[in-house]
Amino acid sequence: MDNAYKIKVQNVTKEYDLYKSQSEKLRSFFSLRNSKVPHFWSLMGISLEIKPGETLGLIGVNGSGKSTLSNIISGIIPQTTGVVDVRGDTSIIAIGAGLRGNLTGLENIRLKALMQGLTNPEIDALMDDIVSFADIGDFLYQPVKSYSSGMKSRLGFSIAVHVNPDILIIDEALSVGDDTFYQKCVDKIAEFKDEGKTIIFVSHSLKQIEILCDRVAWIHYGTLKEIGDTASVVKDYRGFTKWFKAQTKKEKKHFQRQMKANQKAFDIDAYQKEVTDERQKTEPDNSNVAAEVKKDFYGSVISEKMSVGNRILTTAVGILFVLVCLVNVSGHTVGDVIQHPSNLVHPETVLHDANATNTVK
Ligand SMILES: Nc1ncnc2c1ncn2[C@@H]1O[C@H](COP(=O)(O)OP(=O)(O)OP(=O)(O)O)[C@@H](O)[C@H]1O
């Protein structure tokens, strides 16, 4: 891997806990034992680089991990392990991504542009262009929750291309627009390419991929199956889909179940060992390989999960907070409550005090 990349993704994984309900999630938080909640690995170790000015297509069957990867690159969700190095500002266009349903189209434009670092005068100067590109008429003044998916896509696309990002991530946003809007978007993407911007283009339309992409990555049930020039990867992917379609219904089900089972059984420690062993082969004199790989895996990751120690501390602080509130409400002093804890749960004492105060008044 050379150094002149715009985006580097190395050994990236993404794990989800498959809780059946919110209460199960809560129970698992307070449990000190390892929970038995099944895990699902949406990404099982993806490494790739995207060069400046390149348009990379992401293809793969439903649920293969394309959106997970593009959301990690755009910083919407964190990876579980691995390095994600993005050199520039990203702007993601997915159907409705980042749009607030309760705000109007106009308010969403301002909010998203402010979040992208634009000032109010800069937004004012851009507003007419954004509005005219989106072309959604009076819906501009309606809450976004009343929009069709095509309208959301129009608004999202228009904002994203006008805030002038270095890196544009387009996730299926062209699939819901009509032909006129589609052509406008394609022209805009071509303009971006001419300006040397980097683009990630996620689509099920192989035709769109062939028109727009310099290279393509095929994501296959959480793994990077192939990456390379558009023609050859698209050809191989078409071969796979043709093979899949030729299977019987039962065979298709079996294949999909097998793939999902692999994603549930994925062992992150075994993967880390595999990466360490591979690297040790190329750097036999480096005695630090294991530590370096560990740092690459977990060094730049903010864990979504709390350690047992942190959970105990959080719970203790929570209990203390509730106790302090109760003491406050009960009207007793801390000393009283320590000597007679039952005072906390005897509201009549409080009532009595309150009545006494009333009488004095
Ligand atoms: N929050 C979540 N909790 C549990 N599993 C999730 C979550 N988000 C995604 N997944 C799972 O991760 C896998 C990858 O999903 P992702 O949306 O990245 O796929 P995709 O390739 O973009 O699919 P599509 O082509 O249908 O848009 C799927 O099996 C999905 O069910």
Side-chain angles (χ1 to χ4, degrees), residues 7 9 12-26 28-29 35-48 56-82 84 90 92-98 149-150 152-153 156-157 169-177 199-209 212-213 216-227 233-234 236-238 240-241 244-245 252-266 268 271 301-305:
I7 299 168
V9 166
V12 164
T13 66
K14 179 70 188 173
E15 179 193 25
Y16 286 113
D17 289 330
L18 301 180
Y19 295 107
K20 289 199 185 87
S21 61
Q22 281 299 324
S23 57
E24 187 179 20
K25 191 172 180 180
L26 208 65
S28 145
F29 177 84
S35 73
K36 296 221 165 50
V37 174
H39 302 274
F40 181 80
W41 292 84
S42 180
L43 299 177
M44 300 190 290
I46 303 272
S47 300
L48 53 85
L56 180 82
L58 291 187
I59 58 174
V61 297
N62 286 132
S64 53
K66 306 178 295 295
S67 298
T68 305
L69 182 60
S70 55
N71 285 340
I72 288 173
I73 292 174
S74 60
I76 294 177
I77 54 171
Q79 68 272 32
T80 301
T81 70
V84 177
T90 57
I92 185 163
I93 312 167
I95 305 163
S149 53
K152 280 185 200 157
S153 184
F157 197 97
I169 301 174
I170 305 164
D171 186 350
E172 280 297 341
L174 302 192
S175 60
V176 290
I199 301 171
I200 297 177
F201 186 65
V202 184
S203 181
H204 285 287
S205 161
L206 296 180
K207 283 212 180 83
Q208 289 177 6
I209 292 277
L212 294 169
C213 300
V216 171
W218 171 8
I219 311 293
H220 192 61
Y221 294 99
T223 62
L224 178 66
K225 178 94 171 169
E226 253 181 65
I227 183 163
V233 179
V234 167
D236 292 347
Y237 181 65
R238 280 207 171 99
F240 163 75
T241 50
F244 186 74
K245 278 182 189 148
K252 281 180 187 163
K253 274 234 160 79
H254 176 73
F255 175 80
Q256 285 166 330
R257 259 205 301 268
Q258 189 59 52
M259 290 294 141
K260 296 279 171 194
N262 290 346
Q263 288 181 271
K264 282 184 183 165
F266 178 71
I268 188 66
Y271 174 59
V301 173
I302 301 165
S303 176
E304 286 173 293
K305 292 183 181 173

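What you see below is based on every heavy atom in this structure, not just the backbone, and it leaves out hydrogens, waters and symmetry mates. Just follow the structure's listing: the first ligand is 1, and inside any ligand the first atom is 1. When a residue number appears, it is its place in the shown sequence, counting from 1.
- Under a 4.0 Å criterion applied to the non-hydrogen atoms of Ser42, ligand 1 contributes the atoms 12 (O), 13 (C), 14 (C).
- Figure legend: Lys252 and Phe244 shown as a cation-pi pair, the cationic atom lying under 6.0 angstrom from the six-membered ring centre and within 45 degrees of its axis.
- Taking a 4.0 Å cut-off on heavy atoms, Lys14 fails to register as neighbouring ligand 1.
- Near Lys260, meaning under 4.0 Å from any of its heavy atoms, are these atoms of ligand 1: 29 (O).
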>> Between Thr13 and Met44, does the side-chain contact (heavy atoms from CB on, under 4.5 Å) criterion hold? Intermediate values first, please.
In response: CA-CA 5 Å; Thr13 66; Met44 300 190 290; 5.6 Å; no
> Stepwise, does the side-chain contact (heavy atoms from CB on, under 4.5 Å) test hold for Ile77 with Tyr16?
Replying inline: CA-CA 12 Å; Ile77 54 171; Tyr16 286 113; 3.7 Å; yes
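- In terms of protein heavy-atom proximity, atom 21 (O) of ligand 1 is closest to Lys66 NZ, 2.8 Å.
- Counting only distance, with no hydrogens or angles, the side chain of Ser153 and the backbone of Ser149 share no donor-acceptor pair below 3.5 Å.
- Protein non-hydrogen atoms do reach within 4.0 Å of atom 6 (C) of ligand 1.
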> Ile72 and Leu43: side-chain contact (heavy atoms from CB on, under 4.5 Å), yes or no, with the steps?
Replying inline: CA-CA 11 Å; Ile72 288 173; Leu43 299 177; 3.8 Å; yes
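- Among protein heavy atoms, atom 10 (N) of ligand 1 sits closest to Tyr16 CE1, 3.6 Å.
- At least one heavy atom of Gly65 sits less than 4.0 Å from an atom of ligand 1.
- Between Leu48 and Ala217, the closest heavy-atom pair is CD2-CB, 4.3 Å.
- Ranking protein heavy atoms by distance to atom 11 (C) of ligand 1, first place goes to Phe40 CE2, 4.0 Å.
- By the 3.5 Å distance cut-off applied to N or O atoms, Gly60 is not counted among the residues near ligand 1.
- Applying the side-chain contact (heavy atoms from CB on, under 4.5 Å) criterion to Lys225, with sequence neighbours excluded, gives Trp218, His220.
- With hydrogens and angles disregarded, no donor-acceptor distance shorter than 3.5 Å links the side chain of Thr68 to the backbone of Ser42.
- Closest to atom 27 (O) of ligand 1, if we only count protein heavy atoms, is Ser67 OG, 4.0 Å.
- The contact set between ligand 1 and Ser64, taken as ligand atoms under 4.0 Å from a residue heavy atom, comprises 19 (O), 20 (P), 21 (O).
- Between Gln208 and Cys213, the closest side-chain pair of non-hydrogen atoms is not below 4.5 Å.
- Close approach of ligand 1 to Thr68 (heavy-atom distance below 4.0 Å) involves ligand atoms 14 (C), 15 (O), 16 (P), 18 (O).
- Within 4.0 Å of atom 31 (O) of ligand 1, not a single protein heavy atom is present.
- Distances from ligand 1 to the non-hydrogen atoms of His204 include at least one value under 4.0 Å.
- At the top of the distance list for atom 23 (O) of ligand 1, counting protein heavy atoms only, stands Gly63 N, 2.8 Å.
- In this structure Thr223 satisfies the side chain to side chain donor-acceptor pair (under 3.5 Å) test with no other residue, sequence neighbours excluded.
- When only non-hydrogen protein atoms are considered, atom 26 (O) of ligand 1 lies nearest to Asn62 ND2, 2.8 Å.
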